[in-house]
Participant: 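Attaching a single structure in C-alpha cells format; questions to follow.
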Amino acid sequence: MPPTDVRAVLAQLEEDPACTVVRTVGTVHPAGAFPRLAAVEMPADRAAALARVPGLHIEPDQPLGRAAVRYDGRAGHAAFHGLGAPDAHELDAPAGTLRTAAVEVGDDAGRPIEGAEVSLYGTAFTAYTGAEGRAELTVPPDVLASVRALVVHPPRACWPVVVNRPLLSVDAPNRVTCLRITETHPDFPDRQLDSWGTRAMGFDRLPPTHRGHGVRIAVIDSGVAAGHPDLSDRIPAGRDVIGQDDKSWEEDLIGGGTHNAVLLAGRDDGSGVVGLTPEAEVYACRIAPEGWTLDLVEALDYCIEQRIDVALIAYGFPEHSPLVAAKIEEARRNGVACVAAAGDSGGALSYPAALPGVLAVGAIGQLGTFPPDGADLVHLDGRPTPEGVFVPRFSAGGPGLDCCAPGLAIVSGLPPTSYGPRGGTGTAAAHVAAVAALVLAHHPLFRPEPGRSQAARDSIRVDRLFAVIRASCRPLPQLDPSRVGAGLPDAAVAVGIAPQGTYAPVAVPYGPMPALVTREDQAAALLEPLHAAMRAAGLAGEEERP
C-alpha cells in the first residue's frame, strides 16, 4: 500500500474502540520493500473484515516457544517433551483425597539445592525447591502410587536426576541427591571444559587459527547474561525486542541465550567453557520469554541492519506465517544465513525451521555423556548406534530437516555467572551456527573477490554456505533419516582442511578399549552404554546383558 494509506489505516485502527494497536514494526518503506507491520488486538470478525481490504494482510500473531525442554526451568510442564498432559482426574480430584509428598534435593556434598524443578514424569505435577532444598508435590493417591519416575532438574552446577518407579512417602521427606558437574569434570571451571559435541563435530581437528574472526553471529534467544565471566566485554551490542530497548538484553531470565552465547563465544583463557568461535562477534536478540512471531520479524530486521552473517534462531512456532517467511527471504537476500532449531515437540518441524532458505537442525544425544542415573535417560528413543548415539524423543523431524548436532548434556554457561548442562534443538543449532561462522571466515569459497574488501552478501552466498555444511555431514544410517537429515556436520570437512568423507570419530565415551580383546569383549564394550541405560531404567539386572 502507498505510505499515506498505511498511516490512514493505522489512524482508523487507533480510533476504533474494538481495536488496540499494540505496536508497529518498521518504517514506511519504498514500494516493493518489506511493508510496515502492526500488532493489533481485535475481535476475530473485525480481523476477517479487514482481511478483505485490498492491500492488507492479516494473520494471527503466534506465541514463540521451545516446547519446554526440561532444562528451561519454569517453562510449562504439560509440554514435557511431548509426553502428554495429565489425565483429567489428576487435576480434578477432590481436595480431601489429595496427598502431599515432600522431596528434599541436595548435591553430593550434602548442600541443599534451591530452585530445582521436581516433577512426576508424564504428568503436570511440578514443584520447585526453596532455600532449604525442599519441594512439596500435592497429588491424588493413585498418581502417587503409580508414578513412573521422579525427575529433578537443578537450576545449575549439577546434573539432573531421574528416579525410576519411586516409592514416594507422605510420612517422611523423600531425598534426592544430584551429582555435581565438578565430580564428572574434575577441575572445572578452573580448567576449561572440552565437551563431547566439540569432538563429535571435529572442532578439535581445526588449526588454532580457525576461530571465526570477522564473522557476526546473532543469538536470537532469551537474552544474554553479559556479566558472565566467559562473556564479559565480549558481546558488543544487542536488542531486547520484548522490552523495546538496547540494554535489557543483558538479562537472561531463562538461560538458553547465555548457554548458547558461551558455547559460541566463551572466553579462551584456559578456564570455563571456550567458545567454538571465540573470535566471532556475537550479538544478542531477546525474543523470550513471552515472545511472538512479530518479535521474530523485528529481530530479523535487526540482523539485516547490523549485517549479521549467521542468525541462530532458537525459538519457533507451530503454524506457517507468510510474514515471517517473507522476512526470512529478505534476510537471505541480504546475506543473513538463518540456522534454526527444528523444535522440541517431538513432532513435525516447527517454523521457521520448516521454511525454505533456512537450515533446520535436529538434536542427538550420546550415552555415556551424562551420569547413568541422569534424567537425560528419559529422552532415549529407539535403538542407539554402537557408539551410543541416539535421537532424543523431544527432537522434531520430518521433511525439510537438514542435519543434526549434539543437543543433550551440553555443559555451558548459565546466568548469572554459573555453568550447567542444557539440551534441546536450540543447543544443537548453536553447534551448527558455529560451523557456519567458521566456514564463512576460513573457507576459500567465501574469500572476497579480487579488488573487493569483502565477499558479496546475497542469497547465493547463503545457499552455497548451506550446501557446504550439508556436504560435510557424517551420515548416521542406523538412525531415522527423517530425524537426522544428512547427518552430523564435521567442522574440519566443512572448512575445507579435511577431505570429504574423513569425519571425526564419534567415540564410545567409556574410555579406551583394552589392547587385547576378543570379538565378544569388543561387542560387550560397544553395548555397555546401552546396558548402563537399561540398568538405570530398571530394564536389566547387573548380570544381564542386552
Participant: Indicate the atoms forming the closest heavy-atom contact of Ala405 with Met201, along with that distance.
Facilitator: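 Here Ala405 and Met201 meet closest at CB-SD, 4.0 Å.
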Participant: Using a strict 4.0 Å threshold on nitrogen-to-oxygen distance, state whether Asp309 and Arg461 make a salt bridge.
Facilitator: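 The answer is yes: the pair qualifies as a salt bridge.
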Participant: Specify the closest pair of heavy atoms between Gly487 and Pro489, including all atoms of both residues, with the distance to one decimal.
Facilitator: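 It is O-CD, 3.5 Å.
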Participant: List for me each residue that meets side-chain hydrogen bond (donor to acceptor under 3.5 Å, both in side chains) alongside Arg447, sequence neighbours excluded, and say none if there are none.
Facilitator: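 Here no residue qualifies.
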Participant: Going by heavy atoms in the side chains, are Tyr283 and Ile308 under 4.5 Å from each other?
Facilitator: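 Contact flag for Tyr283/Ile308 side chains = yes.
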Participant: Does a side-chain N-to-carboxylate-O contact under 4.0 Å join Arg332 and Asp463?
Facilitator: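 Answer for the salt bridge query: yes.
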Participant: For Ala314 versus Ala341, what's the shortest heavy-atom pair and its separation?
Facilitator: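 Minimum heavy-atom separation between Ala314 and Ala341: O-CB, 3.9 Å.
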Participant: Around atom NE2 of His443, are there more than 12 heavy atoms of other residues, nucleotides or ligands at under 6.0 Å?
Facilitator: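 For His443, atom NE2 is crowded (more than 12 foreign heavy atoms under 6.0 Å).
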Participant: Counting only N and O atoms by type, is there a donor-acceptor contact under 3.5 Å from the side chain of Asp187 to the main-chain atoms of Asp190?
Facilitator: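 No, Asp187 side chain to Asp190 backbone: no donor-acceptor pair under 3.5 Å.
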Participant: Is it true that the side chains of Gln306 and Glu281 contain a donor and an acceptor less than 3.5 Å apart?
Facilitator: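 Short answer, no.
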Participant: Count the heavy atoms of every other residue, nucleotide or ligand shown that sit under 6.0 Å from CG of Leu445, and state whether that count exceeds 12.
Facilitator: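 Count over threshold, so yes.
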Participant: Answer whether the closest heavy-atom distance between the side chains of Cys404 and Val361 falls below 4.5 Å.
Facilitator: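 They are not in side-chain contact.
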Participant: Are Lys247 and Asp240 within salt-bridge range, i.e. N to O under 4.0 Å?
Facilitator: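 Looking at Lys247 and Asp240, the cut-off is not met.
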Participant: Under a 4.0 Å N-O cut-off, is there an ion pair linking Arg474 with Glu387?
Facilitator: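 Yes, Arg474 and Glu387 are salt-bridged.
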Participant: Strictly below 4.0 Å, N to O, side chains only: are Asp233 and Arg267 in salt-bridge contact?
Facilitator: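 Between Arg267 and Asp233 there is no salt bridge, as every charged N stays at least 4.0 Å from the carboxylate O atoms.
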Participant: Mind running salt bridge (charged side-chain N to carboxylate O under 4.0 Å, His left out) on Glu330 and Arg333 for me, showing each step along the way?
Facilitator: CA-CA 5 Å; Glu330 183 184 5; Arg333 291 197 305 268; 5.2 Å; no
Participant: Going through the checks in order, is the side chain to side chain donor-acceptor pair (under 3.5 Å) test met by Thr258 and Asp252?
Facilitator: CA-CA 7 Å; Thr258 302; Asp252 184 359; 2.7 Å; yes
Participant: Between the side chain of Asp221 and the main-chain N/O of Gly223, is any donor-acceptor distance below 3.5 Å?
Facilitator: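 Judged by distance alone, no pair lies under 3.5 Å.
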Participant: With a 4.5 Å cut-off on side-chain heavy atoms, are Val273 and Phe188 touching?
Facilitator: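 In short, these two side chains touch, coming nearer than 4.5 Å.
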Participant: Closer than 3.5 angstrom, by distance alone: can the side chain of Ser350 be matched with the main-chain N or O of Phe317 as a donor-acceptor pair?
Facilitator: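 No, because the side chain of Ser350 does not come within donor-acceptor range (under 3.5 Å) of the backbone of Phe317.
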Participant: Is it the case that over 12 heavy atoms from other parts of the model lie below 6.0 angstrom from the CD atom of Glu290?
Facilitator: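 No, because the 6.0 Å sphere around CD of Glu290 holds 12 heavy atoms or fewer from other groups.
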Participant: Can you tell me how far the OG atom of Ser222 sits from the CG atom of Asn260, to the nearest 0.5 Å?
Facilitator: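 Between Ser222 OG and Asn260 CG, I get 8.0 Å after rounding to 0.5 Å.
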Participant: Short question: side chain of Thr182, backbone of Pro186 - any donor-acceptor pair under 3.5 Å?
Facilitator: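 Not a single qualifying donor-acceptor pair exists.
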Participant: The test is side-chain contact (heavy atoms from CB on, under 4.5 Å); show your working for Val310 and Val432 and say whether it passes.
Facilitator: CA-CA 10 Å; Val310 180; Val432 179; over 6 Å; no
Participant: For a quick test of reading the model, state the closest non-hydrogen atom pair linking Trp159 to Ile181 and the distance between them.
Facilitator: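 Result for this residue pair: NE1-CA, 3.9 Å.
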Participant: Quick check: do Trp196 and Pro406 have side-chain heavy atoms less than 4.5 Å from each other?
Facilitator: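 They are in side-chain contact.
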Participant: Classify the ring geometry of Phe203 against His431: parallel below 30°, tilted from 30° to 60°, perpendicular beyond 60°.
Facilitator: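 Aromatic pair Phe203/His431 classed tilted.
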Participant: Do Asp245 and Arg239 pass the salt bridge (charged side-chain N to carboxylate O under 4.0 Å, His left out) test, and can you show the C-alpha distance, the side-chain angles, and the key distance before you say yes or no?
Facilitator: CA-CA 6 Å; Asp245 66 57; Arg239 174 71 177 165; 6.0 Å; no
Participant: Before giving the answer on side-chain contact (heavy atoms from CB on, under 4.5 Å), spell out for Val105 and Cys178 the whole-Å C-alpha distance, their side-chain angles and the decisive distance to 0.1 Å.
Facilitator: CA-CA 7 Å; Val105 181; Cys178 298; 3.9 Å; yes
Participant: Any donor-acceptor pair under 3.5 Å linking the side-chain atoms of Asp490 with those of Ser472?
Facilitator: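 Checked: Ser472/Asp490 side chains show no N/O donor-acceptor pair below 3.5 Å.
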Participant: Let's go through Phe446 and Arg464 carefully: what are the C-alpha distance in whole Å and the side-chain angles of both, what is the deciding distance for side-chain contact (heavy atoms from CB on, under 4.5 Å) to 0.1 Å, and is it a yes or a no?
Facilitator: CA-CA 9 Å; Phe446 300 93; Arg464 184 179 296 168; 3.9 Å; yes
Participant: Please walk me through it: do Ile287 and Glu298 pass side-chain contact (heavy atoms from CB on, under 4.5 Å)?
Facilitator: CA-CA 9 Å; Ile287 61 169; Glu298 187 171 349; over 6 Å; no
Participant: How long is the straight-line distance from CD of Gln366 back to CG of Asp376, given to the nearest 0.5 Å?
Facilitator: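 That separation rounds to 12.5 Å.
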Participant: Side chain of His259, backbone of Ile410: donor and acceptor closer than 3.5 Å?
Facilitator: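 Flag set: sc His259 to bb Ile410 pair under 3.5 Å.
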Participant: Enumerate the side chain to side chain donor-acceptor pair (under 3.5 Å) contacts for residues 411-421, please, sequence neighbours excluded, ordered by first and then second residue.
Facilitator: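 Every pair satisfying side chain to side chain donor-acceptor pair (under 3.5 Å) with a residue in residues 411-421: Asp230-Tyr419.
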Participant: State, with a plain yes or no, whether a side-chain heavy atom of Ile220 is found less than 4.5 Å away from one of Leu300.
Facilitator: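 Ile220 vs Leu300: side chains touch.
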Participant: Answer whether the closest heavy-atom distance between the side chains of Val484 and Leu401 falls below 4.5 Å.
Facilitator: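 Side chain of Val484 against side chain of Leu401, heavy atoms only: no contact under 4.5 Å found.
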Participant: After noting the C-alpha distance and the side-chain angles of Lys327 and Asp301, does the key distance pass the salt bridge (charged side-chain N to carboxylate O under 4.0 Å, His left out) rule?
Facilitator: CA-CA 8 Å; Lys327 181 56 67 174; Asp301 258 337; 2.7 Å; yes
Participant: Can any side-chain N or O of Ser395 pair as donor or acceptor with the backbone N or O of Gly362 at less than 3.5 Å?
Facilitator: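 Side chain of Ser395 to backbone of Gly362, a donor-acceptor pair under 3.5 Å: no, none is there.
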Participant: Are Val411 and Ser195 side-chain neighbours, meaning at least one heavy-atom pair lies under 4.5 Å?
Facilitator: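 The answer is no, as the side chains (C-beta and beyond) never meet within the 4.5 Å cut-off.
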Participant: Working to the nearest 0.5 Å, report the span between CZ of Arg422 and CG of Leu408.
Facilitator: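 The distance works out to 12.5 Å.
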Participant: Once you round to the nearest 0.5 Å, how far does CD1 of Ile364 lie from OG1 of Thr385?
Facilitator: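 Here the rounded value is 8.5 Å.
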Participant: Rounded to the nearest 0.5 Å, how far does CG of Leu276 lie from CZ of Arg211?
Facilitator: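 Rounded to the nearest 0.5 Å, the CZ-CG separation comes out at 11.5 Å.
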Participant: Tell me whether Asn334 contacts the main-chain N or O of Arg457 through its side chain, where contact means a donor paired with an acceptor under 3.5 Å.
Facilitator: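 No, the answer is negative, given that no donor and acceptor are paired below the 3.5 Å cut-off.
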Participant: Shortest non-hydrogen contact from Ala430 to Leu263?
Facilitator: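 Between these two residues, the closest heavy atoms are CB-CD2, 3.9 Å.
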Participant: Look at the side chain of Arg393 and the backbone N and O of Leu380, then say whether any donor-acceptor pair between them is shorter than 3.5 Å.
Facilitator: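 Here the side-chain-to-backbone pair exists.
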Participant: Judged by atom type as modelled, is there a donor-acceptor pair below 3.5 Å linking the side chain of Arg216 to the main-chain atoms of Ala311?
Facilitator: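 The answer is no, because no donor-acceptor pair under 3.5 Å joins these two groups.
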Participant: Do Asp381 side-chain atoms and Val391 backbone N/O form a donor-acceptor pair below 3.5 Å?
Facilitator: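 Such a contact is absent between Asp381 side chain and Val391 backbone.
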Participant: For Val358 and Ala353, work out which heavy atoms get closest and say how close.
Facilitator: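 For Val358 and Ala353, the tightest heavy-atom pair comes out as CG1-CA, 4.0 Å.
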Participant: What's the separation between atom CG in Asp373 and atom CG in Leu179, rounded to the nearest 0.5 Å?
Facilitator: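 If I round to the nearest 0.5 Å, the distance is 7.5 Å.
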Participant: For Arg286 and Asp295, what are the C-alpha separation, side-chain angles and deciding distance, and is it a salt bridge (charged side-chain N to carboxylate O under 4.0 Å, His left out)?
Facilitator: CA-CA 9 Å; Arg286 189 171 86 87; Asp295 299 312; over 6 Å; no
Participant: With side chains defined as the heavy atoms from C-beta onward, is the minimum distance between His228 and Leu414 less than 4.5 Å?
Facilitator: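 With C-beta onward as the side chain, the pair stays apart.
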